[in-house]
Engineer: 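I have a structure here, written as structure tokens, and I will follow up with some questions on it.
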2 protein chains.
Amino acid sequence: MSGKRGFVLRDALENDIAMGLLKAGERLDEATLAQRFGVSRTPIREALLQLATTGLVEIRPHRGAVVAQVGPSRLMEMFEVMAELEGMCGRLAARRADGSDITALVAAQRDCRAAAEADDADGYYYANERFHHAIYQASRNGFLAEQATLMHRRLKPYRRLQLRVRGRIRTSLAEHDGILAAIEQGDAEVASTLLKAHIIIQGERFGDLVANLAEHTA
Amino acid sequence: MSGKRGFVLRDALENDIAMGLLKAGERLDEATLAQRFGVSRTPIREALLQLATTGLVEIRPHRGAVVAQVGPSRLMEMFEVMAELEGMCGRLAARRADGSDITALVAAQRDCRAAAEADDADGYYYANERFHHAIYQASRNGFLAEQATLMHRRLKPYRRLQLRVRGRIRTSLAEHDGILAAIEQGDAEVASTLLKAHIIIQGERFGDLVANLAEHTA
DNA sequence: ACGATCTATATTGTATACAAAATCGTTGAC
DNA sequence: GTCAACGATTTTGTATACAATATAGATCGT
């Protein structure tokens, strides 16, 4: 009863968390999940274990798994680290990017602009993802690219929310222009600084969002 | 037949890899490991999965797990990232460290000096570990501290080897002095720069070691 | 009536049984 | 004699069965 082998389950759960289908703090019952995906508990447990290792869920011994609670302060910490990693990618990219890297970056930024002008939030989301991934690649440090991609995935759920913030897309696009220019010109420190700011701003914006939300629900 | 629950197995395997008991590229047979630890395959599989997620072993579908092959170039990439993370820890520590953080740092450095003067390589290894961990803590970014600790663990096997290099301990100790001073004085950029260099040098030294080894075996 | 302890239930953790896939050895053809 | 294809064996992947622990409910005592 399954072609659902390996990484598929993990991705599915990851996506459900990213999409908000599984809310933070929610219990992840193995039997229920097993039934829902039509597999036994074993592969479910393996998927949960992987998600726990990457920090998306928390497993307490004999007490089951829950979607990881990431409070605002923890989230800020994560964005702080992400900013540093992206800054590093940018710095290395400025030094090491070759023709094909630049081509990919320019193409991604073109898509970003198109989506922005069409007011297509989802489209911008994906184009933005490609843009950043292109920077990771351009760093010419495969390990760094992997780490950055992992972090990116972990922050996905929170990033997604705050793209809806009014005017954010336009600002983001402008920031991309600056970053792209710095990388093209090989200006490592500027590229790093701009990228760091680009990410940190997202964290701060998210902080505002959370504060707002807390106010409304309180 | 077991109080070996949870993280114990993972730690044991991790340690075996770090100690070189399990060589890079070596196959990790589930049945054999199960017998060796006196447990069934299930917890072994869980441990391997976790190690795979952190990158210490590689699992190829239906083809079993092997200790991850880290070539010299890959290793350099990892040290490059580690250097950036440590640099970040240092920068934040210089800004945010409080009295207890400084106390821990000074104590760790005292132990380092004692071990160095006694020519105790193992002792220095552990004191050095405490010193760096103290910096992670002092960054006052819990997430960053976790990430840095994880990276540290991943590089453990390689770090250990190159501490034997002649004169490295003395140099390392001197570098610690500079780093400690910068953090105490709150000089964020100096702390960051010194720490980055401190780590990168290790990567380069290891590069020399590998080159030397390759020469001898070729 | 409130609280604590003991028991029943449910859920996680581990072991075993079974299925699917890959490896290795053998056999057969050219 | 070499290479390829087939089959036997080994090993991974999944399901189920069993054991251990935590949770919740009920009973008893104060």
Engineer: Taking CZ from B/Arg60 and P from D/dT11, how many angstroms apart are they, rounded to a whole number?
Structural biologist: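 It is 14 Å, rounded to the nearest whole Å.
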Engineer: Taking all non-hydrogen atoms of both residues into account, name the closest pair between A/Ala47 and A/Leu13 and its distance.
Structural biologist: CB-CD1, 4.1 Å
Engineer: Give a yes/no answer on whether the side chain of A/Ser40 brings an N or O atom under 4.0 Å of OP1 or OP2 in D/dA15.
Structural biologist: yes
Engineer: Could you report the tightest heavy-atom contact between B/Leu173 and B/Tyr124, atom names first, then the distance?
Structural biologist: N-OH, 3.3 Å
Engineer: Quickly work out the A/Phe37 CZ to D/dT14 C1' distance and round it to whole Å.
Structural biologist: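 Roughly 16 Å, once rounded to whole Å.
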Engineer: Distance-only, no hydrogens or angles: does the B/Arg27 side chain make a donor-acceptor pair with backbone N or O of B/Gly64 under 3.5 Å?
Structural biologist: no
Engineer: Heavy-atom count check: over 12 atoms from other residues, nucleotides or ligands less than 6.0 Å from A/Gln35 CD?
Structural biologist: no
Engineer: How close or far is atom P of D/dA17 from atom CZ of A/Arg41, stated in whole angstroms?
Structural biologist: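 One finds 12 Å between P of D/dA17 and CZ of A/Arg41, rounded.
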Engineer: Using salt bridge (Lys or Arg N to Asp or Glu O under 4.0 Å) as the criterion, point out the one residue from B/Glu80, B/Glu84, B/Glu86 that pairs with B/Lys196.
Structural biologist: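 Single pass found, and it is B/Glu84.
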Engineer: For a quick test of reading the model: is some side-chain N or O of A/Arg27 closer than 4.0 Å to OP1 or OP2 of C/dT12?
Structural biologist: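 So the side-chain polar atoms of A/Arg27 do come within 4.0 Å of the phosphate oxygens OP1 or OP2 of C/dT12, strictly under.
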Engineer: Between B/Thr42 and B/Glu30, who's closer to the 5' end of DNA chain D by nearest nucleotide?
Structural biologist: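 This one resolves to B/Glu30.
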Engineer: Do any N or O atoms from the side chain of B/Ser192 and from the backbone of B/Ala188 form a donor-acceptor pair under 3.5 angstrom?
Structural biologist: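 Absent.
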Engineer: Taking atom C1' of D/dT11 as reference, at what distance in whole Å does atom CD of B/Gln35 sit?
Structural biologist: 15 Å
Engineer: Should the pair A/Asp101-A/Arg96 be classified as a salt bridge under the 4.0 Å nitrogen-to-oxygen rule?
Structural biologist: no
Engineer: Just jot down the side-chain contact (heavy atoms from CB on, under 4.5 Å) partners of B/Glu14, sequence neighbours excluded, or say none.
Structural biologist: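 If we apply the side-chain contact (heavy atoms from CB on, under 4.5 Å) test to B/Glu14, skipping adjacent residues, the hits are B/Arg10, B/Asp11, B/Leu51, B/Leu56, B/Arg153.
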Engineer: Enumerate all atom pairs, one protein N or O and one N or O from nucleotides 20-23 of chain C, separated by less than 3.5 Å.
Structural biologist:
{"from": "C/dT23", "atom 1": "OP1", "to": "B/Arg63", "atom 2": "NE", "distance (Å)": "2.7"}
{"from": "C/dT23", "atom 1": "OP1", "to": "B/Arg63", "atom 2": "NH2", "distance (Å)": "3.3"}

Engineer: So how far off straight is the helix from C/dA1-D/dT30 to C/dC30-D/dG1, going by the axes through five pairs at either end, to 10°?
Structural biologist: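 Here the local axes at opposite ends form an angle of 0°.
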Engineer: Separation of A/Ile59 atom CD1 from C/dT11 atom C1', in whole Å?
Structural biologist: 14 Å
Engineer: Rounded to the nearest angstrom, tell me the gap between atom CG in B/Leu49 and atom P in D/dT14.
Structural biologist: 11 Å
Engineer: Looking at B/Arg168 and B/Glu175, is there a salt bridge between them, counting it only when a charged N and a carboxylate O are closer than 4.0 Å?
Structural biologist: yes
Engineer: To the nearest Å, how far apart are A/Leu9 CG and D/dT14 C1'?
Structural biologist: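 The answer, rounded to whole Å, is 11 Å.
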Engineer: What integer distance in Å separates A/Ile44:CD1 from D/dT14:P?
Structural biologist: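 Interatomic distance, CD1 of A/Ile44 to P of D/dT14: 11 Å.
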